[in-house]
Enquirer: 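This is the structure, below, for whatever I ask next.
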Amino acid sequence: MPAELTSAPGLPSRESEPAVVSGELRCALTGRPLRPEECYWAPPLITTRQLITTLFETLLTTPGNLGQVLLGEQPNVPYAPEARPQLANQRSAEQVKLLALLLLVAALLIVPIVLLVS
């Protein structure tokens with residue numbers, strides 16, 4: 001096996017090692033250049049549209065990868081410290097959109113069943 005795919009017993013896995021970043025860092029939200037010591041690292045912002053599009057594309061092309069798409073860990077990306085409140089607001093807005101979409105789909109499935117039964 002290649003050395004990068006294995007780790008010796010008792011040693012921390014490669015996932016726990018800090019990522020070595022070369023080149024210029026930019027805030028994933030604002031695009032502002034950042035210094036490594038000022039970065040706030042967090043998972044990327046995924047919009048409801050991106051999530052739905054990715055789910056349908058995965059279902060149509062490679063349904064076996066759906067579990068990895070839904071449950072796979074996202075790599076952290078850099079954010080500017082002043083972008084944290086904006087990031088939190090956008091994440092909350094995307095969660096509300098997704099919840100509203102799921103409630104709409106549930107209503108579209110449940111209402112016809114209730115009407116047929118009664």
Side-chain angles (χ1 to χ4, degrees):
M1 284 190 155
E4 63 270 358
L5 296 178
T6 62
S7 63
L11 294 177
S13 69
R14 292 181 60 86
E15 295 170 0
S16 64
E17 295 175 10
V20 177
V21 179
S22 61
E24 184 179 67
L25 293 174
R26 291 193 170 270
C27 177
L29 195 59
T30 64
R32 180 174 79 77
L34 300 170
R35 294 185 316 273
E37 61 272 3
E38 73 173 329
C39 289
Y40 163 67
W41 293 87
L45 176 68
I46 300 173
T47 64
T48 301
R49 178 179 296 238
Q50 289 172 331
L51 179 63
I52 301 299
T53 302
T54 302
L55 288 177
F56 279 116
E57 286 176 358
T58 304
L59 277 173
L60 295 176
T61 57
T62 54
N65 290 342
L66 191 60
Q68 177 63 31
V69 169
L70 290 173
L71 303 174
E73 187 174 341
Q74 295 290 316
N76 288 336
V77 296
Y79 291 100
E82 66 272 6
R84 281 182 91 164
Q86 182 184 2
L87 178 63
N89 289 338
Q90 285 190 344
R91 285 190 196 278
S92 295
E94 292 301 325
Q95 290 171 350
V96 169
K97 286 182 203 174
L98 184 60
L99 180 62
L101 180 65
L102 292 174
L103 290 174
L104 177 67
V105 168
L108 290 174
L109 294 174
I110 293 172
V111 168
I113 293 171
V114 170
L115 291 176
L116 286 174
V117 171
S118 57

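Just so it is clear, the values below take in all heavy atoms, side chains as well, and ignore hydrogens, waters and symmetry mates.
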Enquirer: My understanding is that only residues two or more places apart in sequence, or in another chain, count here; which of them pass side-chain hydrogen bond (donor to acceptor under 3.5 Å, both in side chains) with Arg35?
Expert: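 In terms of side-chain hydrogen bond (donor to acceptor under 3.5 Å, both in side chains), with neighbours along the sequence ignored, Arg35 is linked to Glu37.
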
Enquirer: Share the residues that join Leu87 in a hydrophobic cluster, the rule being Ile, Leu, Val, Met, Phe, Trp or Tyr side chains under 4.5 Å apart at the heavy-atom level.
Expert: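 Noted: Leu87 shares its cluster with Leu29, Tyr40, Leu45, Val77, Tyr79.
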
Enquirer: Once side-chain hydrogen bond (donor to acceptor under 3.5 Å, both in side chains) is applied, do any residues pair with Arg26, and if so which ones, sequence neighbours excluded?
Expert: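 So Arg26 forms a side-chain hydrogen bond (donor to acceptor under 3.5 Å, both in side chains) with Glu24.
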
Enquirer: Name each donor-acceptor pair under 3.5 Å that joins a side chain in residues 100-109 to protein atoms two or more places apart or in another chain, with its distance.
Expert:
none

Enquirer: So which atom in Cys27 and which in Ala83 form the shortest heavy-atom distance, rounded to 0.1 Å?
Expert: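 Where Cys27 meets Ala83 most closely, the heavy atoms are SG-CB, 4.1 Å.
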
Enquirer: What pair of heavy atoms forms the shortest contact from Leu25 to Cys39, and how long is it?
Expert: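 What the structure gives for the nearest pair is CD1-SG, 3.5 Å.
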
Enquirer: So which residues get pulled into Ile113's cluster when ILVMFWY side chains under 4.5 Å apart are joined, directly or through others?
Expert: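 Joined to Ile113, directly or through intermediates: Val117.
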
Enquirer: According to the side-chain hydrogen bond (donor to acceptor under 3.5 Å, both in side chains) rule, which pairs have a member within residues 85-100, sequence neighbours left out?
Expert: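 Output for this query lists Thr48-Glu94, Glu94-Lys97.
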
Enquirer: Do you know the tightest heavy-atom contact between Leu34 and Pro78?
Expert: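 Leu34 and Pro78 have their closest heavy atoms at CD1-CB, 4.2 Å.
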
Enquirer: Can you name the residues that form a side chain to side chain contact (heavy atoms under 4.5 Å, CB included) with Leu66, not counting sequence neighbours?
Expert: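 Counting only residues at least two positions away or on another chain, Leu66 forms a side chain to side chain contact (heavy atoms under 4.5 Å, CB included) with Leu55, Thr58, Leu59, Leu70.
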
Enquirer: Apply salt bridge (Lys or Arg N to Asp or Glu O under 4.0 Å) to Arg32 and list each qualifying residue two or more places apart in sequence or on a separate chain.
Expert: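 For Arg32, the residues satisfying salt bridge (Lys or Arg N to Asp or Glu O under 4.0 Å) (neighbours in sequence not counted) are Glu38, Glu82.
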
Enquirer: What pairs of residues pass the side-chain hydrogen bond (donor to acceptor under 3.5 Å, both in side chains) test when at least one of them lies in residues 104-118, not counting sequence neighbours?
Expert: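 Those involving residues 104-118 do not exist here.
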
Enquirer: Which residues pass the side-chain hydrogen bond (donor to acceptor under 3.5 Å, both in side chains) test with Thr47, sequence neighbours left out?
Expert: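 Counting only residues at least two positions away or on another chain, Thr47 forms a side-chain hydrogen bond (donor to acceptor under 3.5 Å, both in side chains) with Gln50.
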
Enquirer: May I have all residue pairs that pass salt bridge (Lys or Arg N to Asp or Glu O under 4.0 Å) and include part of residues 41-66, sequence neighbours excluded?
Expert: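 Non-adjacent pairs meeting salt bridge (Lys or Arg N to Asp or Glu O under 4.0 Å): zero.
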
